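Structure first, then comments.
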Amino acid sequence: TSVVVLVVLRTASLKDEEEFTDILEERRRTTDLGYALRTFNPQPYKGAPYSSTSDLKKAVLESQYLRYIIALETGSSVEKVRQEARGILEEMSHNLQLGFIRLMAYTVNKVFKRLFRSIYVNMEGLNMLQQAIQESPVILMPNHRSYVDFLIVSFILFTYDIPIPVIAAGIPLASMKVVGEILRRSGAFFIRRAIGSDKLYWAVLSEYVRTIVRTGCAPLEFYVEGFRSRTLKSVVPKLGMMDMVLEPYFKGEVFDITLVPISISYDRVVEESLLALELLGVPKPKESTTGLFKASRVLQEDYGCMHVNFGRPLSVRQLCEGKINRSEYNLIPRDLPQRPSTEIQDCVNWVAHLIVRTQEEGSLISPWSLMACLLLQAPITTLTEEGLQWHGLTEKTLWLRKLVLDFRGRLNWPAHTPDSDVMSSTVALHHSIVHHKAGRVCLVQDGDPASQDPLSPEEGVMRTAAAVLMLVSYRNQALHVFVRPGILATAIHITKSTQKDELFSFFCFLRDVFANEFIFIPGRASQDFDEACSLLQKCGAVHMSEQEVTVLETGLEVLSFLQKLLQPFLDSYQLIFRYLCENGAHVFTEKQFLPAVQNLATKLILSGDLHTFEVLSSDTQKNVLSALRRLEAVTKLRAGLYITQKELLGGSIPTRFPLC
Amino acid sequence: MSGFSDNIMRLSGRMLSQYPAQRDWDGKLTRAPHPGIIPTCSIVTLSDNLPKQEIMKWNGWGYSDSKFLYNKKGQAEFTGKRYRLSGMIIPGLREWMESTFGANLQHKTPAAPILNSSAVQPPTLNEAFLKELKSTGIPFSHDAEDRVFRSHGHCLHEIFALREGKIGRVPDLVVWPNCHNDVVKIVELACKHNVCLMPYGGGTSVSSALECPPEETRSIVSLDTSQMNRILWIDEKNLTAHVEAGIVGQDLERLLNESGYCTGHEPDSMEFSSLGGWVATRASGMKKNIYGNIEDLVVHIKMVTPQGVIEKSCQGPRMSTGPDVHHFIMGSEGTLGVVTEVTMKIRPMPEYQKYGSVVFPNFEMGVACLREVARQRCAPASIRLMDNEQFKFGHALKPQVSSIFTSFLDGLKKFYITKFKGFDPNRLCVATLLFEGDREKVLQHEKQVYDIAAKFGGLAAGEDNGQRGYMLTFVIAYLRDLGMDYYVIGESFETSVPWDRVLDICRNVKARIVRECKDKGVQFPPLSTCRVTQTYDAGACVYFYFAFNYRGLSDPVHVYEQVEHAAREEILANGGSLSHHHGVGKLRKEWMRETISSVGMGMLKSVKDYVDPNNIFGNRNLL
């Protein structure tokens, strides 16, 4: 299977930029109405007999699985439970109708033409998708970086005569007046947040999803990351939905399932400022229709280009070969509710990680992401006060461009344009974050007018943090290219060792600690290490022999860049580890923990002892907590209440985790 | 009694003389023991020695005089006089072969016409054994042709090799015991002189069971049971018959029919397969819904083993005397001894028989209907559901219609089903039915089944379609030989599976075959088709056909074997059994342990070790 992974990742990353076509170009030439009313005659999955949404609901409610579940529910009458199940299903179900698809296409088309200069789509990927949809049930798996991309896939498929997907969405969208209903009729189905232990809900949801896959009545689209990434960094996949989607294959109910990873990349994300505020604890506005209209001022802005990269369709059958034994279902009714075996769970986890990695490999890195990487390595006062030298930044960005190419990253660097023009137009596009004046680049800080009351030092930190976190999110778009060699560079930096096995063991340790932060495919530590080694060797940073890894003089710049790139993560994790170690409280609540860490960090930033703002992000804090729980240094007592396992926290992790 | 019997013969005779215009409008019994075969006097007189191979092909299926070929006009015809299809033009077959396989009459792959005896290894003879054998007077031979004839079954790789004139390890000697006592003598001598014995019945194995183990260094003696083919007695009070195990199916039925009885056991191979072979492989017959499978039919078995003769002391219809020792014998595949005599249940011949067929809009509806029929336990003698590809296949075998009226009627039927009823010709599928019993009950039963079918969108599609469906079963093996003349190779295989898995296994195995062929470089899409061929309370038997055009492949048999292997893996992963009735042989041995568990293997091994410690019955099947 490691060959499969390699092939999957390589082929996702070896496509030319030339293959992308701007689909807005034609839209600008034709009338919107004409487009919305175009003949739509897609080739559906050949194994699927036509079924309406009411057929689908009926199949779910009458399924043997649901009958088992209902029989297990005690406490109320069967009829009552059945009624409840029906209610859940009504709340959940999509109601896909072609008329609304046309309405959606009409609206979305207008909005997109406003927001974006171009929407680039790789036609080869679309062609493969079109083929795949006829062969077996297809699961469309985009990453999710902006609300804007919720309907982008439907929009593209409508344009190219491919069956419209049904899309898993969060329930808050359903409660938006009118819009919720339009979304439902455009194919969205709605899932509650925090389902927890509501067994009946789980049962209805999973049977609904499985029935869609089993019958292949429509492609299914869902976000394997579970939600919109506030950091623009890939999120460790959620397994619930993935499990439901794959189960029909495991149980032999379909011959195969096709997974299509889709990478959506933005030059500029519409919600960029909201995201940073949200991460700092300013609550996000509730999804509402009026809110949507208020947000219409965002329509005035320029958001550059969007790339939608349809990955190579992946056969679940091929991916799972040798990983699972489907005959484990031979001796019990397949409809009987049962926990999947660990073999199955591991396989689901592996597939989910592979998909997210493939999404990463398929996404395009903009010049702006490279600049963000570099800007963040400058001292914060330089950025906020005198500014960074434009000339130096340009030079360094071009150097980084070469490194990305060496590392097989996919760049979205405009061809046939002088580099200086690329640089300045990039900065112009991101005028909300930086401005370029008199040969220097400075960070734009929100609410600048100094007429107001002077800010307290703490408020000042938060204000800077908001700007820095915006920068961080754009840096994050490029992180996947650097993470593996970056960890190796960090290992070299910390251990000062040249012994391969020693480096490997530290590499694994860091990989393990950061497994909630970056996407690592489970069970591939040594391949990741080999990849890191070969990339560092390729760019001339190190020399490799059988046993040793020696740093080359020429490689110091690369190694230092990589190590600094990951430094904020090390600092953040270390700070929180220290907080938990030193703070005698063994039992703590999530509610106490997050503000306490934020307070401590603010203090340290003010005193000049902490150089990263990233620990202020609730995302980082939550990741650390998850990592500690995974490493069994912290245990969850009940919802929101944790206990530190002193012996563990006082043991291997902090001692191995360097104070540097 | 004799009047009844005469009546039957007369009716059958009428059917013969009136075919093809013969129709069964009022459903009178108008049938030979089975649909495709005309009971000629092809069965040589029982005293004639070594008869069979004279009239059989040495490198293909069945009788030498019966085969498909393309005549000078390029039309397919079936030669000979033995079958209802014999002597007929089959206009649709050529186009079907060309469009299904991309086969072409210009691209021929003829078989080696005669056996080249010099390609056969000289026999390794055990002189001491031979000397004592001679003194018993039991006939034997070490003629190359006799040996080669008994060195194989009908797996694709076996026939393919023969057609290419390639001969592997073959038995060194063939013996023809005439009765139980002859077998006792032979087994004693084999034990005494450490000779390997391989029982041989009808030679229709499709599990590599008759292949001589290449690692066997002893002299291999093929024990041909064909001369032990008498019905020793019929017990009309208990409705049983005591029969020698070498009798082949069609002879057994014919001889019993003469007395007004039948066993009702009709496996598809019944023209050639033997009673002993049925017992040794746990055979299943088409009409098992009325008569039962071989394990239900057998009352008493006599088997000669190296430890002596095993049999029960009485013929009680059921016993609680520990595990049934018959079940060590049934399915033992010649590894424990030779079955010599069997007491079987018999039934009076049915008064009335009627074919039928139902067209369903799609396979899913058809399976749902069969499941309902099984749920209500009202399955006819036979009920089979062919998928769309097999329906088309059956259609391509329609003989030339003589009257304009018939072809007009056919056109009308087609119009009614596809246009008026809106069935998609590329999705519809057909169930074939056979009812048997007394007239009143058959008609009643028929109505019940058609009523159920109607609930699943099924439309009655006439007796003809039904009858042709069963004919397909008998000519399919001949068709394989035709295919092999034109670069097409194929095989059938079967499984049994719980009801809830039937649709899934059919779809997945067919799709797996298509995908594997593509992956292995097969240039043309394969034929991958199935039928649900038997129903049970808790599941069904599914039968797959698989064939492809191998032009452009350097080692087609290897590709074929890889695909078949993958298909079997797919069956097992989808909850199907290793075999429903073909048996394990050497072809499916590798999956035995996972099929019956290590303890199960140990049980079977310990029986083998006790019964045959020196592995005299050394065909190495099963374990």
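Naming convention: chains lettered A, B, ... in sequence-line order (proteins, then strands); numbering from 1 in each chain. Predicted, not measured: the structure shown is a model, and the values here were computed from it.
When side chains are defined from C-beta on, F255(A) does not count as touching K510(B), because their heavy atoms never get closer than 4.5 Å.
Closest approach of N330(A) to L572(B), counting heavy atoms only: ND2-O, 3.3 Å.
The number of heavy-atom neighbours closer than 6.0 Å to CD of E95(B), taken from other residues, nucleotides and ligands shown, is 12 or below. Sparse packing is recorded around CE of M603(B), with 12 or fewer heavy atoms of other residues, nucleotides or ligands lying under 6.0 Å away. Surrounding CG of L336(A) are more than 12 heavy atoms belonging to other residues, nucleotides or ligands, all under 6.0 Å away. Environment of NE2 in H327(B): crowded, with over 12 heavy atoms of neighbouring residues, nucleotides or ligands closer than 6.0 Å.
If you take CG on D256(A) and CZ on R512(B), they are separated by 10.5 Å, rounding to the nearest 0.5 Å. With rounding to the nearest 0.5 Å, the separation of CG in N508(B) from OH in Y249(A) is 8.5 Å.
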- Task: Begin from the C-alpha positions of E570(B) and R326(A) and carry the test salt bridge (Lys or Arg N to Asp or Glu O under 4.0 Å) through to its verdict.
- Result: CA-CA 9 Å; E570(B) 191 64 33; R326(A) 282 177 292 153; 2.9 Å; yes

- Task: Dump the intermediate steps for salt bridge (Lys or Arg N to Asp or Glu O under 4.0 Å) on R334(A) and D504(B), then the final yes or no.
- Result: CA-CA 12 Å; R334(A) 289 175 294 167; D504(B) 291 333; 2.8 Å; yes

- Task: Check step by step if side chain to side chain contact (heavy atoms under 4.5 Å, CB included) holds for R515(B) and S315(A).
- Result: CA-CA 12 Å; R515(B) 185 174 286 192; S315(A) 148; 3.4 Å; yes

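In terms of modelled atom types and a separation under 3.5 Å, the side chain of R501(B) and the main chain of E253(A) share no donor-acceptor contact.
Of the listed residues (E328(A), K251(A), R317(A)), the greatest number of heavy-atom pairs within a distance under 4.5 Å of chain B belongs to R317(A).
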